[in-house]
Amino acid sequence: MYAFSVLASLLAVVSASPAPMPDGTATIPIPTIGPCTDVIKPHAHIIATPLSPQVGGLQLTYDSPTGRATLTDSGFYSVWDFSNGGVGQQPDCAKTKLWLNIDPVATEYKPLYWNKTQITTNWSASYGNDLVAKETKQYNTTDVFIACQSLASDVKFPIRYLFLLTPTTVPLDSAPSLRGFDTKSCVKTRLTVEVPTYP
C-alpha cells in the first residue's frame, strides 16, 4: 500500500510539470500570488544622486499631510509607470496610482507634489536613468532639483522637500515658493531611477 501511495505521488508531480514545447524546452509558468501580481514585478527606488553629501542616496517619497514630494532614507520601493510623460507610483496590489507633478505656479523654484491625477506630462523617465523635466513654455529642459528642509523639520530626522530648479536670478531667500523653508539648507541634486530588482 505504501509503495502505491509513493507511486501515485510521483505521477501527480510529473503530470503537474509544464508540458514540453515542440523544441523540447518546457514552458515556464507565470507565478501568481493570490489576485495580485504586483509583488512579483520589478521594483525600484528613485534616489538622489550625490551632487551633495547631505542628500546623496536619499529616496523619493512623500509627506503624507501635504502630499509634497520629499527625500528620506526610506522612500518608495515601487513599480513605476512612465507612460504619457508621467511618473506614477503604484503601491503593491493597489488600484490607485500617485503621480509626481510639478506645481504650475509661475515661480523659479517649482514645488513637486503627489496627486491621484496626472497633471505633469513632460517628464522623461526610465529605469536606470535620471529624471528629466522636458521644456515647456515656462522653462527649458532641466534635470536639476533642489532639496530644502522645512523650518519646522525635526532636527534629528530632517525631511527634505523637493523643488524643480529652473533658470533664475532670484535668490533662494527671496523666492515666494520657499517661504517656510530653511533656504540655507537647500542643496542641488538629480534624481535617478534605479535599475529595477525583484522584491
Side-chain angles (χ1 to χ4, degrees), residues 36-39 41-49 51 55 57-72 74-148 150 159-170 172 175-181 186-197 199:
C36 170
T37 58
D38 286 340
V39 291
K41 292 179 181 177
H43 287 54
H45 293 106
I46 295 181
I47 60 171
T49 52
L51 291 180
V55 299
L58 293 181
Q59 301 165 1
L60 180 65
T61 186
Y62 79 113
D63 177 46
S64 181
T66 64
R68 293 288 302 273
T70 59
L71 292 174
T72 67
S74 181
F76 290 133
Y77 179 59
S78 181
V79 176
W80 296 94
D81 182 350
F82 303 123
S83 61
N84 302 316
V87 174
Q89 184 272 338
Q90 182 167 339
D92 289 342
C93 306
K95 294 181 179 179
T96 304
K97 296 177 184 176
L98 290 176
W99 294 94
L100 183 63
N101 291 306
I102 302 168
D103 195 322
V105 296
T107 179
E108 298 79 5
Y109 308 97
K110 297 183 176 297
L112 302 185
Y113 64 98
W114 296 94
N115 195 292
K116 292 179 181 179
T117 302
Q118 181 184 359
I119 298 169
T120 299
T121 58
N122 63 304
W123 289 119
S124 174
S126 59
Y127 290 111
N129 293 297
D130 287 351
L131 185 60
V132 176
K134 294 190 293 186
E135 182 178 6
T136 69
K137 292 179 180 179
Q138 292 182 323
Y139 53 86
N140 295 327
T141 297
T142 180
D143 61 355
V144 181
F145 303 84
I146 60 169
C148 305
S150 166
I159 296 173
R160 292 189 178 264
Y161 293 79
L162 282 167
F163 301 80
L164 181 70
L165 180 59
T166 57
T168 180
T169 57
V170 176
L172 290 170
S177 62
L178 294 177
R179 288 180 188 146
F181 290 89
C186 297
V187 293
K188 291 182 181 180
T189 189
R190 289 187 172 87
L191 299 175
T192 303
V193 186
E194 289 182 322
V195 174
T197 57

**Q** Rounded to the nearest 0.5 Å, how far apart are OG1 of Thr142 and NZ of Lys110?
**A** 11.5 Å
**Q** Report yes if the side chains of Asn115 and Trp99 come closer than 4.5 Å at any heavy-atom pair, otherwise no.
**A**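 In short, these two side chains do not touch, never coming nearer than 4.5 Å.
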**Q** Locate the shortest heavy-atom distance separating His45 from Gly75; write the atom from each residue and the value.
**A**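 The pair with the smallest heavy-atom distance is CD2-O, 4.1 Å.
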**Q** Does the side chain of Arg160 reach to within under 4.5 Å of the side chain of Val187, using non-hydrogen atoms?
**A** yes
**Q** Looking at every heavy atom in both Ile102 and Tyr113, which two are closest together, and how far apart are they?
**A**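 Of all heavy-atom pairs spanning Ile102 and Tyr113, the closest is C-CE2, 4.0 Å.
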**Q** Hey, does Asp81 have a side-chain heavy atom less than 4.5 Å from the side chain of Gln90?
**A**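 No. Closest side-chain heavy atoms not under 4.5 Å.
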**Q** Out of curiosity, Asn129 CG to Leu191 CG, how far, rounded to the nearest 0.5 Å?
**A**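 Taking CG in Asn129 and CG in Leu191, the distance rounds to 13.0 Å.
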**Q** Please name all residues satisfying side chain to side chain donor-acceptor pair (under 3.5 Å) with Thr168, sequence neighbours left out, ordered by chain then number.
**A** none
**Q** Ala48 and Leu71: which non-hydrogen atoms are nearest, and at how many Å?
**A**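 Minimum heavy-atom contact is CB-CD1, 3.8 Å.
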**Q** Which heavy atom of Trp123 sits nearest a heavy atom of Leu100, and at what distance?
**A**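 That would be NE1-O, 2.9 Å.
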**Q** What's the shortest heavy-atom distance between Val87 and Ala125, and which atoms?
**A**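 Scanning both residues, the minimum pair turns out to be CG2-CB, 4.1 Å.
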**Q** Is there side-chain contact between Leu165 and Lys188, with at least one heavy-atom pair below 4.5 Å?
**A**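 The answer is yes; the side chains approach within 4.5 Å.
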**Q** Could you tell me the separation between the CD atom of Gln118 and the CG atom of Asn84, rounded to the nearest 0.5 Å?
**A**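 Answer rounded to 0.5 Å: 5.5 Å.
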**Q** Given 3.5 Å as the limit, does a donor-acceptor pair link the side chain of Asn140 with the main chain of Pro167, or not?
**A**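 No.
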**Q** Looking only at heavy atoms, which two atoms of Gly57 and Ile47 are closest? And how far apart?
**A** O-CG2, 4.3 Å
**Q** Check this for me, if you would: do Arg68 and Asp63 make a salt bridge, where the nitrogen-to-carboxylate-oxygen distance has to be below 4.0 angstrom?
**A** no
**Q** Can you tell me how far OG1 of Thr61 sits from CG of Leu162, rounded to the nearest 0.5 angstrom?
**A** 10.5 Å
**Q** Could you check whether the rings of Phe82 and Tyr127 sit parallel, tilted or perpendicular, using 30° and 60° as the cut-offs?
**A** perpendicular
**Q** Under the criterion side-chain contact (heavy atoms from CB on, under 4.5 Å), which of Thr169, Leu178, Val170, Leu172 is the partner of Glu108?
**A**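 By the side-chain contact (heavy atoms from CB on, under 4.5 Å) criterion, Glu108 pairs with just one of Thr169, Leu178, Val170, Leu172: Val170.
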**Q** Is the shortest side-chain heavy-atom distance between Leu112 and Thr120 below 4.5 Å?
**A**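 No. Closest side-chain heavy atoms not under 4.5 Å.
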**Q** Is Arg190 close to Val144 at the side-chain level, that is, under 4.5 Å between some pair of heavy atoms?
**A**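 Val144 vs Arg190: side chains touch.
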**Q** Which value, rounded to the nearest 0.5 Å, describes the distance between Thr117 atom OG1 and Leu98 atom CG?
**A**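 Thr117 OG1 to Leu98 CG: 10.5 Å, rounded to 0.5 Å.
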**Q** Which value, rounded to the nearest 0.5 Å, describes the distance between Gln89 atom CD and Lys97 atom NZ?
**A**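 Those atoms lie 10.5 Å apart.
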**Q** My understanding is that only residues two or more places apart in sequence, or in another chain, count here; which of them pass ring pair (Phe, Tyr, Trp, His ring centres under 6.0 Å) with Phe181?
**A** Tyr161, Phe163
**Q** Examine distances only and state if a side-chain atom of Thr192 and a backbone atom of Thr49 form a donor-acceptor pair shorter than 3.5 Å.
**A**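 No: the side chain of Thr192 does not pair with the backbone of Thr49.
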**Q** Please list, chain by chain and in numerical order, all residues satisfying ring pair (Phe, Tyr, Trp, His ring centres under 6.0 Å) with Tyr139, sequence neighbours excluded.
**A** none
